[in-house]
Amino acid sequence: GMRAGVRACKLFCAVISPKYFESAFCLLELRTALSHKKPIVVCFNSSKFTVQQAMSWIPEEFRGRLLSNEVVALHEDDEYMRVGVEKVAAQLSLSSPEQSLS
């Protein structure tokens with residue numbers, strides 16, 4: 001199930017939205033990632049929201065852990081999306097240096 005998928009992942013990618021932290025399923029996955037000390041990268045849709053808006057959605061109980069790294073902007077435009085995906089890939093390579101991203 002969901003928990004097993006999170007436990008098996010090398011990096012947890014939370015693509016947050018205004019309603020992300022109201023979803024029981026999103027919180028289950030996030031709390032599982034936190035309890036298993038998974039590296040976490042936080043992303044948001046920068047075509048619709050600013051980074052300041054995205055950061056304001058994160059409840060206080062999660063701020064310390066989720067804001068310790070860059071909040072990655074994912075844009076709906078392919079060229080800008082590539083930049084965001086490359087940042088996520090860089091976080092993955094930092095979390096598991098033996099992982100090849102080719």
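For the single chain, residues carry numbers from 1 onward in sequence order.
- Salt bridge present: Lys19 and Glu22 bring a charged side-chain N and a carboxylate O closer than 4.0 Å.
- With values rounded to the nearest 0.5 angstrom, Leu66 atom CG is found 6.0 Å from Leu34 atom CG.
- Annotation: Met81, atom CE; neighbour count of heavy atoms from other residues, nucleotides and ligands within 6.0 Å is above 12.
- Residues that satisfy the side chain to side chain contact (heavy atoms under 4.5 Å, CB included) test with Gln52, not counting sequence neighbours, are Thr50.
- Note: the hydrophobic cluster containing Val71 does not contain Val15 (ILVMFWY, side chain heavy atoms under 4.5 Å, direct or indirect links).
- Listed by chain and number, the residues in a side chain to side chain contact (heavy atoms under 4.5 Å, CB included) with Val83 are Lys87 (sequence neighbours excluded).
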Original post:
Given Val41 and Phe12, is the side-chain contact (heavy atoms from CB on, under 4.5 Å) satisfied, shown in steps?
Top reply: CA-CA 6 Å; Val41 63; Phe12 182 78; over 6 Å; no
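- Linking ILVMFWY residues whenever their side-chain heavy atoms come closer than 4.5 Å, directly or via other members, places Ile16 and Leu67 in the same cluster.
- Scored by the side chain to side chain contact (heavy atoms under 4.5 Å, CB included) test, His36 finds Arg7, Thr32, Lys38 as partners (sequence neighbours excluded).
- Interatomic distance, Ser47 OG to Asp77 CG, rounded to the nearest 0.5 Å: 7.5 Å.
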**OP:** Could you go through the ring pair (Phe, Tyr, Trp, His ring centres under 6.0 Å) check for Trp57 and Phe49 one step at a time?
**Re:** CA-CA 11 Å; Trp57 305 327; Phe49 305 103; 4.8 Å; yes
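- Partner of Ser23 under the side-chain contact (heavy atoms from CB on, under 4.5 Å) criterion, out of Tyr20, Phe25, Phe21: Phe25 alone.
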**OP:** Report the C-alpha distance between Val72 and Val42 in whole Å, list the side-chain angles of each, state the deciding distance to 0.1 Å, and finish with yes or no for side-chain contact (heavy atoms from CB on, under 4.5 Å).
**Re:** CA-CA 6 Å; Val72 177; Val42 177; over 6 Å; no
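- Under the side chain to side chain contact (heavy atoms under 4.5 Å, CB included) criterion, Lys37 pairs with no residue, sequence neighbours left out.
- Nearest heavy atom pair, residue Val88 against residue Cys43, reads CG2-SG, 3.7 Å.
- Residues Phe62 and Leu27 are in side-chain contact: their nearest non-hydrogen atoms beyond the backbone lie under 4.5 Å apart.
- Judged as a salt bridge (charged side-chain N to carboxylate O under 4.0 Å, His left out), not a single pair has a partner in residues 50-59 (not counting sequence neighbours).
- Note on residues 43-60: pairs passing salt bridge (charged side-chain N to carboxylate O under 4.0 Å, His left out), not counting sequence neighbours, are Lys48-Glu76, Glu60-Arg63.
- Note that SG of Cys26 and CZ of Arg31 are 11.5 Å apart. Values are rounded to the nearest 0.5 Å.
- Taking hydrophobic clusters as Ile, Leu, Val, Met, Phe, Trp and Tyr residues chained together by side-chain heavy-atom distances below 4.5 Å, Met55 shares a cluster with Ile40.
- Taken from CD in Glu70 to CD in Gln91, the straight-line distance is 7.5 Å, to the nearest 0.5 Å.
- Hydrophobic clustering of Ile, Leu, Val, Met, Phe, Trp and Tyr side chains at less than 4.5 Å, counting indirect connections, keeps Phe44 apart from Val85.
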